[in-house]
A.B. asks: 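Have a look at this one.
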Amino acid sequence: MKVFTLFSIAAACASATNAYVPQIHRNSKTHEQSRVLQSRRGALRHVLLIAPIVVATVPPANALEACKPKPRNCIRTTWTAPDSLSSSEVASTIRDVLNSYPQEGQAGVDCSGWSIVNDELDAEGGFVALEYKSCIGPAAVSINLGQPFIDDLKLELGKDATGGITVEVKSNSRMGSSDWGVNKKRLQYLGKKLKEKGWSVPAPKYNFEKK
C-alpha cells in the first residue's frame with residue numbers, strides 16, 4: 001500500500017507538470033522558465049527512483065526486537081522445529097506447550113498466572129504474545145504497590161537458511177533491570193517440553209552470560 005501511494009503521488013505530480021508545459025511555452029519561452037521546468041522534471045525522476053528503496057526498508061510489523069545489552073531481565077533466543085513438522089503442526093505444538101504451563105507458576109516464578117493476549121500463529125509469519133504475572137514478594141509489595149510484576153513472552157515463526165521452521169523467542173520483564181532469573185526459568189520449562197518433542201532448543205541465556 002505504501003509503494004502504491006508513493007508512486008501515485010509522484011505520477012500525479014509528473015502528470016501535472018507535463019500538463020503545465022504547453023501553458024508555459026504559450027505564455028513565455030524564456031530561458032529561465034525552461035530551466036526551472038527541467039529542474040522540476042529532474043526532481044520528480046529522483047522521487048520515482050528512490051521511493052521503492054525507502055519503502056523496502058520498513059521492517060515487518062511483528063519483528064521481535066533484540067534485548068538491550070546490559071539489563072538482566074530479557075532473553076532472546078531461537079527454537080528450531082523438527083524437519084518433519086509443517087507450519088500448522090508447529091503452531092499446534094507451540095500452543096500445546098504454552099498451555100501446559102501451570103497457572104500457579106513453577107520453580108517459584110509466575111505465581112499469579114498467565115494469559116495469551118494475541119494469538120496469530122495460524123497467520124502468515126505466525127505470532128503469539130503472552131503476559132505472565134509474578135509472585136507477590138517483598139519487591140512487589142515495596143515497589144509495585146503489592147501488585148504482581150508483568151513479563152512479556154513473544155514468539156514469532158520464521159525459517160532458517162535451509163528452509164527449516166524456527167521460532168524466534170523474546171521473554172522480558174517490563175520493570176527493573178534484573179528479574180532474579182524469572183525469564184530464564186520460564187524458558188527452561190517451555191524449552192524442556194519442546195526438547196521432549198524433538199525440537200532443538202538452546203539453553204536460555206541473558207546477554208551478559210553470552211560473553
A.B. asks: If you look only at distance, which donor and acceptor atoms sit under 3.5 Å apart when one is on a side chain in residues 125-137 and the other is two or more places apart or in another chain?
C.D. replies:
residue	atom	partner	partner atom	Å
Glu131	OE2	Arg174	NH2	2.7
Ser134	OG	Phe149	N	2.8

A.B. asks: I'd like to know if the side chain of Asp179 and the backbone of Gly181 have a donor-acceptor N/O pair within less than 3.5 Å.
C.D. replies: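 Yes.
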
A.B. asks: If every non-hydrogen atom of Tyr101 is compared with every non-hydrogen atom of Tyr189, which pair is closest and at what distance?
C.D. replies: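 Between these two residues, the closest heavy atoms are CD1-CD2, 3.4 Å.
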
A.B. asks: By ring-ring contact (aromatic ring centres under 6.0 Å, His included), which residues pair with Tyr206, not counting sequence neighbours?
C.D. replies: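 Listed in chain order: Phe208.
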
A.B. asks: Under 6.0 Å from the CG atom of Asp160, do we count more than 12 heavy atoms belonging to anything else shown?
C.D. replies: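 Atom CG in Asp160 is crowded, with more than 12 foreign heavy atoms closer than 6.0 Å.
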
A.B. asks: Between Ile116 and Val97, is there shared hydrophobic-cluster membership here, with clusters defined by ILVMFWY side-chain heavy atoms closer than 4.5 Å?
C.D. replies: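 Hydrophobic grouping puts Ile116 with Val97.
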
A.B. asks: Where is the tightest heavy-atom contact between Leu157 and Ser87, given as atom of each residue plus distance?
C.D. replies: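 That would be CD2-O, 4.3 Å.
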
A.B. asks: Do side-chain atoms of Asp119 reach the backbone of Leu121 as a donor and acceptor pair under 3.5 angstrom?
C.D. replies: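 At least one qualifying donor-acceptor pair exists.
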
A.B. asks: Say whether, by atom type as modelled, one donor and one acceptor occur between the side chain of Asp110 and the main chain of Arg186 under 3.5 angstrom.
C.D. replies: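 No; zero donor-acceptor contacts below 3.5 Å.
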
A.B. asks: By side chain to side chain donor-acceptor pair (under 3.5 Å), which residues pair with Ser86, not counting sequence neighbours?
C.D. replies: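 Partners of Ser86 by the side chain to side chain donor-acceptor pair (under 3.5 Å) criterion, ordered by chain and then number, come out as Ser88, Glu89.
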
A.B. asks: Give the C-alpha distance, both sets of side-chain angles, the deciding distance and a yes or no for salt bridge (charged side-chain N to carboxylate O under 4.0 Å, His left out) between Asp122 and Arg95.
C.D. replies: CA-CA 11 Å; Asp122 294 322; Arg95 282 198 186 94; 3.0 Å; yes

A.B. asks: For Ala107 and Lys185, which heavy atoms make the closest approach, and how far apart are they?
C.D. replies: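 Closest approach of Ala107 to Lys185, heavy atoms only: O-NZ, 3.4 Å.
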
A.B. asks: Could you work out, with side chain to side chain donor-acceptor pair (under 3.5 Å) as the rule, every residue matching Asn99, not counting sequence neighbours?
C.D. replies: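 Expected list: none.
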
A.B. asks: Grab the two heavy atoms, one from Pro202 and one from Thr77, that are nearest each other, plus how far apart they are.
C.D. replies: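 Distance-wise, the nearest heavy atoms are CG-OG1, 3.4 Å.
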
A.B. asks: Could you pull out all residues at least two apart from Arg76 that satisfy side chain to side chain donor-acceptor pair (under 3.5 Å)?
C.D. replies: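 So Arg76 forms a side chain to side chain donor-acceptor pair (under 3.5 Å) with Glu168.
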
A.B. asks: Is there a chain of hydrophobic side chains (I, L, V, M, F, W, Y, each step under 4.5 Å between heavy atoms) that links Val117 to Val169?
C.D. replies: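 Val117 does not cluster with Val169.
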
A.B. asks: Consider only side-chain N and O atoms of Ser171 and Asp151, and report whether a donor and an acceptor are under 3.5 Å apart.
C.D. replies: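 Per modelled atom types, Ser171 and Asp151 side chains form no pair under 3.5 Å.
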
A.B. asks: Are Leu190 and Leu153 side-chain neighbours, meaning at least one heavy-atom pair lies under 4.5 Å?
C.D. replies: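 Touching, per the 4.5 Å side-chain cut-off.
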
A.B. asks: Any salt bridge (charged side-chain N to carboxylate O under 4.0 Å, His left out) involving residues 188-210? Give me the pairs, sequence neighbours left out, ordered by first then second residue.
C.D. replies: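 Only Lys184-Glu209 qualify under salt bridge (charged side-chain N to carboxylate O under 4.0 Å, His left out).
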
A.B. asks: Check for a donor-acceptor pair, side chain of Asn207 on one end and backbone N or O of Pro71 on the other, with a separation under 3.5 Å.
C.D. replies: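 Such a contact is absent between Asn207 side chain and Pro71 backbone.
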
A.B. asks: I need the Glu156 CD to Thr166 OG1 distance, nearest 0.5 Å.
C.D. replies: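 Output value for this atom pair is 9.0 Å.
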
A.B. asks: I want to check something: taking the side chain as every heavy atom from C-beta on, are Trp79 and Leu187 in contact at a cut-off of under 4.5 Å?
C.D. replies: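 Yes; the side chains approach each other to less than 4.5 Å.
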
A.B. asks: Output the distance between atom OG1 (Thr93) and atom CG (Leu98), rounded to the nearest 0.5 Å.
C.D. replies: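 Reported value, rounded in 0.5 Å steps: 10.5 Å.
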
A.B. asks: May I ask you to test the Leu85-Trp199 pair for a side-chain heavy-atom distance under 4.5 Å?
C.D. replies: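 Yes, their side chains come closer than 4.5 Å.
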
A.B. asks: How far does NZ of Lys170 sit from SG of Cys74, to the nearest 0.5 angstrom?
C.D. replies: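 Here the interatomic distance stands at 5.0 Å.
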
A.B. asks: Measure the SG-CD distance between Cys111 and Gln106 for me, rounded to the nearest 0.5 Å.
C.D. replies: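 The SG atom of Cys111 sits 9.5 Å away from the CD atom of Gln106.
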
A.B. asks: Testing the basics here: between Val201 and Gly191, what is the closest heavy-atom pair and its distance to 0.1 Å?
C.D. replies: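 Closest pair (atom of Val201, atom of Gly191, distance): CG1-CA, 3.7 Å.
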
